[in-house]
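Worksheet: one structure, shown below.
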Protein chains: 2
Amino acid sequence: MDEIDRKLIELLQHDAARPYSALGEAVGLSSGAAHERVRKLRERGIIRRTTIDVDPVALGRGVLAFVMIDSNAWMGDPPTAEALLAVPVVEEAHVIAGSSSLLVKVRTGSTDELQAVLRRLFQIDGVTGTQAIVVLQTFFERPTSSLSAC
Amino acid sequence: MDEIDRKLIELLQHDAARPYSALGEAVGLSSGAAHERVRKLRERGIIRRTTIDVDPVALGRGVLAFVMIDSNAWMGDPPTAEALLAVPVVEEAHVIAGSSSLLVKVRTGSTDELQAVLRRLFQIDGVTGTQAIVVLQTFFERPTSSLSAC
DNA sequence: GAGCTTACGGTCAATCTCATCCATAGAAAC
DNA sequence: GTTTCTATGGATGAGATTGACCGTAAGCTC
């Protein structure tokens with residue numbers, strides 16, 4: 001995991017369809033060497049998969065909200081994860097430190113649908129309350145930077 | 001944007017390196033037709049780019065936090081966005097409805113570094129306070145579902 | 001309604017790029 | 001000195017890309 005690997009990741013995050021020859025050229029290696037490095041990054045699980053970045057609005061998911069979930073029990077176990085996984089509009093689910101116990105990111109098509117999701121979250125075992133934070137505008141969403149922190 | 005397009009997006013989100021022939025077979029089309037549909041999805045901006053999914057821990061970003069930012073001025077303008085964009089560990093920045101005015105997602109290597117980031121956020125014009133929500137465990141993070149909501 | 005035009009996808013096949021694999025060589029570690 | 005790792009460069013086969021061609025449906029004219 002050296003500087004070249006980081007650069008390769010940076011390049012692939014920006015455009016994973018780039019040919020290996022271009023990739024190699026950008027980091028000063030042959031296409032074969034670039035290929036081998038990327039193969040190893042995948043093998044080691046550092047690169048998990050190649051995917052596409054989709055416009056949520058085009059998918060009819062124009063409403064974004066973060067929901068903090070309060071509970072009267074420990075929510076860090078698999079049954080909770082599965083219950084949340086079963087709700088397609090829940091994109092992220094985290095166990096957090098603080099007064100609430102869970103934080104989830106939800107993308108719906110309307111505020112009506114958001115309300116329906118909140119109702120559904122309420123029905124999960126242990127949930128005693130929710131607090132929705134509705135997003136008015138997203139400045140940006142970007143992948144994890146591979147550069148060292150500034 | 002019909003059922004086949006949605007299926008193609010679903011498949012590509014899972015593995016964007018899949019050959020067009022396999023893609024076509026999965027939706028009952030020829031490779032050429034699948035290719036043409038994907039090309040148009042890109043052209044229309046529904047597919048923004050192909051990218052890779054990277055393990056944040058491998059990049060030395062094992063600490064995830066959401067930070068709610070309070071302010072004494074309107075923070076929804078470009079200068080604020082640029083100030084946040086300049087901090088590499090800030091992955092997302094949203095203008096929110098509610099008592100705080102901004103919500104940002106931050107990934108750092110350590111809590112020390114998180115503290116440094118909070119200090120830096122404080123220095124942005126208009127910021128009067130921050131409230132960090134530290135993530136203990138992430139259940140999952142997944143792409144926006146292209147299936148219609150349940 | 002019949003016939004025509006056009007737009008829109010679709011299939012199939014030809015071509016050409018690129019991924020992939022392998023032999024080899026050099027450098028670094030032990 | 002030996003082993004291991006990583007690079008290069010070339011062969012080859014897979015797959016992306018493109019163009020020619022076809023079927024269908026909508027809209028138009030008569």
Side-chain angles (χ1 to χ4, degrees), chain A residues 1-62 109 142-148, chain B residues 1-62 109 142-148:
Chain A
M1 194 60 189
D2 58 6
E3 211 40 57
I4 291 180
D5 284 335
R6 256 181 269 274
K7 190 76 187 297
L8 287 172
I9 288 172
E10 184 80 13
L11 290 164
L12 288 173
Q13 280 177 334
H14 190 260
D15 177 12
R18 196 187 305 263
Y20 284 115
S21 56
L23 217 51
E25 198 172 345
V27 300
L29 288 179
S30 70
S31 92
H35 184 273
E36 178 65 8
R37 276 176 178 266
V38 173
R39 192 191 64 74
K40 283 182 184 165
L41 286 170
R42 286 183 204 281
E43 190 182 63
R44 279 185 279 164
I46 296 176
I47 295 178
R48 290 178 182 148
R49 60 178 174 177
T50 78
T51 181
I52 53 172
D53 183 15
V54 178
D55 179 9
V57 176
L59 293 180
R61 297 283 164 78
R142 61 183 173 187
T144 304
S145 166
S146 59
L147 306 172
S148 57
Chain B
M1 194 60 188
D2 59 5
E3 211 41 56
I4 292 181
D5 284 336
R6 256 181 272 273
K7 190 79 187 295
L8 287 172
I9 288 173
E10 183 81 11
L11 290 165
L12 288 173
Q13 279 177 334
H14 189 260
D15 177 13
R18 195 187 306 263
Y20 283 115
S21 56
L23 217 50
E25 198 173 343
V27 299
L29 287 178
S30 70
S31 91
H35 184 273
E36 178 66 7
R37 274 176 179 266
V38 173
R39 192 192 64 74
K40 283 182 183 165
L41 286 170
R42 286 183 204 281
E43 191 181 63
R44 279 185 280 166
I46 295 176
I47 295 178
R48 290 180 183 146
R49 60 177 175 178
T50 77
T51 182
I52 52 171
D53 183 17
V54 178
D55 179 9
V57 176
L59 293 180
R61 296 283 164 78
R142 60 183 174 187
T144 304
S145 166
S146 59
L147 306 172
S148 57

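In what follows, every chain begins at residue 1, and chains take the letters A, B, ... in the order their sequences are listed.
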Between C1' of C:dC12 and OH of B:Tyr20, the distance in whole Å: 18 Å
Ignoring hydrogens, what is the shortest heavy-atom contact between A:Arg18 and A:Leu11? Give both atom names and the distance. NH2-O, 3.3 Å
Nearest heavy-atom pair of A:Arg49 and B:Pro143: which atoms, and what distance? NH2-CD, 3.5 Å
Strictly below 4.0 Å, heavy-atom distances to any atom of DNA chain C: list the hits from residues 26-41 of chain B, or just say none. B:Leu29, B:Ser30, B:Ala33, B:Arg37, B:Lys40
Do you know the tightest heavy-atom contact between A:Leu59 and B:Ser145? CD1-O, 3.9 Å
From B:Arg48 atom CZ to B:Thr50 atom OG1, the distance as rounded to the nearest 0.5 Å: 14.0 Å
Quick one: A:Ile4 CD1 to D:dA7 C1', roughly how many Å, whole number? 11 Å
Quick one: closest heavy-atom pair of A:Met1 and A:Ile46, and the distance? SD-CD1, 4.1 Å
Separation of D:dA25 P from B:Asp2 CG (nearest whole Å): 16 Å
For atom CG of B:Leu23 and atom P of D:dA16, their distance in whole Å: 9 Å
Going through the checks in order, is the side chain to side chain contact (heavy atoms under 4.5 Å, CB included) test met by A:Arg37 and A:Ile4? CA-CA 9 Å; A:Arg37 276 176 178 266; A:Ile4 291 180; 3.8 Å; yes
Double-helix bend of the helix from C:dG1-D:dC30 to C:dC30-D:dG1, axes at both ends from 5 pairs, round to 10°, gives 30°
How close or far is atom P of D:dT17 from atom CD of B:Glu43, stated in whole angstroms? 14 Å
If we ignore angles and hydrogens, is there a donor and acceptor under 3.5 Å between the side chains of B:Ser146 and B:Glu10? yes
Between D:dT6 atom C1' and A:Leu8 atom CG, what is the distance in whole Å? 14 Å
Measure the CG-CG distance between A:Leu41 and A:Asp5 for me, rounded to the nearest 0.5 Å. 4.5 Å
